[in-house]
Amino acid sequence: MSWRPQYRCSKFRNVYGKVASRENCYDCIPITKNVHDNHFCAVNPKFLAIVTESAGGGSFFVIPLHQTGRIEPNYPKVCGHQGTVLDIKWNPFIENIIASCSEDTSVRIWEIPDGGLKRNMTEAVLELYGHSRRVGLIEWHPTAINILFSAGYDYKILIWNLDVGEAVKMIDCHTDVILCMSFNTDGSLMATTCKDKKLRVLEPRSGRVLQETTCKNHKVTRVVFFGDMKRLLTTGVSKWNTRQIALWDQEDLSMPVTEEEIDGLSGLLFPFYDVDTHMLYLAGKGDGNIRYYEITAEKPYLTYLMEFRSPAPQKGLGVMPKHGLDVSACEIFRFYKLVTLKNQIEPISMIVPRRSENYQEDIYPMTSGTEPALSPDEWLRGVNKGPVLMSLKEGYRKENKAIYKAPVKEKKSLVVNGIDLLENVPPRTENELLRMFFKQQEEIRRLKEQLSQRDLLVRQLELELKNLRNSPKDS
């Protein structure tokens, strides 16, 4: 019997990336130069939000999705933060609500008018204070409305109930800066990666650690849940300083199910998972390419499909929700690529080539919609529900009538679970200590210059006084 290579039949093996034409891109956007490892971009079917470079605080653009082309330099911004904006996320159930977090230790909720901004927005509908250090990550709960998670450099994760405008839970099991948060399909489990080189699976309501492992040969940076497959995927760096991905069983983190080295580049790998098609996309920060794989429950688990290549490096990527895709073009995923070299946002559509113009039900199963499955109180009581599904056939979208009404707050709440968050401040990181050192040195230099100028002025006055005394008196 002759040997034959094994080929795996897949409907996604010919998926290709299509870059939008120049007139459908977003030009002249001053993309932030911050080196924080986030995407700095968030998108939904109505708006595109991008963190921008600004002086004297943090700001971001909110552009209606149809307003492509050149963006004017004086375009209105959301600019209420006193520090640099580090992360932005759209509410998955109310498309006009966006959350942002910043170096000023606050999380803010903004309501964007339907037609976009006509002037600078400085007043948030809700300001949330509870972290004692800058806030680097925010995530919305996938099925419960108005539940927001924030992770700060104080090593804490706060759970906010936006209906009351306060932190209702606190997770304080981490010993260093939290790098990433990810939820399973119904939001009953949360996975985190941390700078202490540990991967954790948590029960978010209680903060109880269900699984934990120290990654010795695989320094984890990002994590993503594979829907209901009871699998996790992490990206990171191997002990040989090569970029690596690892697949884990969420119920046993003692060792990875499989590991695969990607390349020897140094940029952070961002994973994106499509639960409907079971496809994984890997995009490196500073790279121009996007690799994609198909995920299976049995070996080999990860099947490499193809790679989208582009000469322009990406700083971050925004992802369009499934109900915002063009089903008539067989589009299964859409990225919004931040190209800092061109000050441009470039849409990239991942397309399955099909000859038929009919609706392709095999690549568009029922998907998560815009209706929440739970209220905040139901989720806090311990109820778990999967997402409310919707069909994409003929561009069907059921409009969600939910409207966010911010609570009236009399004072800032800084006490969660009986603990004053501002009294439990962890030691400062090395970067913060260096920043403080240089700031102090600059202050010392400025004071020395002021003292030298004052001494020079005193000497001049003394010299003038001496000349006046020695000058002959008028007769």
Side-chain angles (χ1 to χ4, degrees), residues 32-40 42 51 54 57-60 80-89 99-109 124 127-140 148-160 166-182 190-200 202 204 207 209 212 214-215 219-223 234 236 268 270 285 315-316 412-417 419-440:
T32 180
K33 298 176 183 176
N34 194 296
V35 295
H36 189 69
D37 288 330
N38 264 340
H39 295 294
F40 302 110
V51 180
S54 62
S59 65
F60 57 95
H81 282 286
Q82 280 77 49
T84 305
V85 176
L86 299 180
D87 199 8
I88 50 176
K89 293 284 168 59
S100 63
C101 64
S102 167
E103 289 186 347
D104 62 10
T105 74
S106 73
V107 177
R108 304 193 184 199
I109 310 299
E127 298 182 13
L128 305 172
Y129 292 91
H131 289 282
S132 57
R133 301 263 286 280
R134 59 178 169 166
V135 187
L137 286 173
I138 48 174
E139 289 288 346
W140 294 93
L148 181 68
F149 291 71
S150 64
Y153 277 60
D154 52 5
Y155 313 158
K156 296 178 177 64
I157 297 175
L158 296 184
I159 305 176
W160 304 90
E166 294 181 354
V168 291
K169 300 285 183 181
M170 179 179 67
I171 302 173
D172 59 352
C173 60
H174 300 87
T175 59
D176 211 324
V177 177
I178 298 133
L179 301 175
C180 183
M181 299 184 288
S182 179
M190 179 173 70
T192 64
T193 57
C194 183
K195 221 169 181 179
D196 61 8
K197 301 181 182 179
K198 288 186 178 181
L199 171 64
R200 296 174 175 87
L202 313 168
V209 179
E212 181 180 275
T214 301
C215 305
K219 184 181 176 183
V220 294
T221 53
R222 288 291 183 270
V223 62
T234 57
L268 180 72
F270 293 114
K285 186 176 181 180
K315 183 180 181 66
K412 298 174 185 177
S413 176
L414 300 178
V415 178
V416 179
N417 298 344
I419 300 174
D420 190 340
L421 300 177
L422 297 181
E423 288 183 358
N424 296 274
V425 182
R428 295 186 180 275
T429 62
E430 183 180 352
N431 288 337
E432 288 178 329
L433 291 173
L434 284 172
R435 196 181 296 113
M436 288 180 60
F437 172 76
F438 289 126
K439 189 175 180 180
Q440 290 172 354

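- Checking each of His174, Lys198, Glu212 against Thr192 for a side-chain hydrogen bond (donor to acceptor under 3.5 Å, both in side chains) leaves exactly one that passes, namely His174.
- Residues that satisfy the side-chain hydrogen bond (donor to acceptor under 3.5 Å, both in side chains) test with Asp196, not counting sequence neighbours, are Thr175, Arg200.
- In this structure, CG in Leu86 is found 7.0 Å from CG in Asn38, a value given to the nearest 0.5 Å.
- In terms of heavy atoms, Leu137 sits closest to Ile178 at CD1-O, 3.7 Å.
- Here the straight-line distance linking atom SG of Cys101 with atom NZ of Lys89 works out to 8.0 Å at 0.5 Å rounding.
- Looking at heavy atoms from C-beta onward, Ser106 lies in side-chain contact with His81 at the 4.5 angstrom threshold.
- Expressed to the nearest 0.5 Å, how far CD1 of Ile138 lies from CG of Leu158 amounts to 13.0 Å.
- A donor-acceptor contact shorter than 3.5 Å is absent between the side chain of Asp172 and the backbone of Lys156.
- Checking Lys195, Arg222, Lys285 one by one against Asp37, the salt bridge (Lys or Arg N to Asp or Glu O under 4.0 Å) holds for a single residue, Lys285.
- Taking each heavy atom of Ala124 and Ile109 in turn, the nearest pair found is CB-O, 3.3 Å.
- Taking each heavy atom of Val51 and Val85 in turn, the nearest pair found is CG1-O, 3.6 Å.
- Partner of Cys194 under the side-chain contact (heavy atoms from CB on, under 4.5 Å) criterion, out of Val220, Asp176, Thr221: Asp176 alone.
- Between the side chain of Asp154 and the backbone N or O of His131, no donor-acceptor pair lies under 3.5 Å.
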- request: List the steps, then state whether side chain to side chain donor-acceptor pair (under 3.5 Å) holds for Ser102 with Asp104.
  value: CA-CA 5 Å; Ser102 167; Asp104 62 10; 3.3 Å; yes
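- Note: Phe40 CZ to Ile88 CD1 = 9.5 Å, rounded to the nearest 0.5 Å.
- With Arg108 contributing its side chain and Gly80 its backbone, the two residues share a donor-acceptor pair below 3.5 Å.
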- request: Please assess Asp87 against His39 for the test side-chain contact (heavy atoms from CB on, under 4.5 Å), listing each intermediate value before the final yes or no.
  value: CA-CA 8 Å; Asp87 199 8; His39 295 294; over 6 Å; no
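- The minimum heavy-atom distance between Val135 and Ala151, with the atom names listed, is CG1-O, 3.5 Å.
- Considering CG of Leu128 and OG of Ser150, their distance stands at 7.5 Å, rounded to 0.5 Å.
- Going from atom CH2 of Trp160 over to atom CD of Glu166 covers 9.0 Å, rounded to the nearest 0.5 Å.
- Distance alone, capped at 3.5 Å, is enough to place a donor-acceptor pair between the Asn34 side chain and the His36 backbone.
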task: Determine, stepwise, if the pair Lys315 / Thr32 fulfils side-chain contact (heavy atoms from CB on, under 4.5 Å).
output: CA-CA 9 Å; Lys315 183 180 181 66; Thr32 180; 4.2 Å; yes
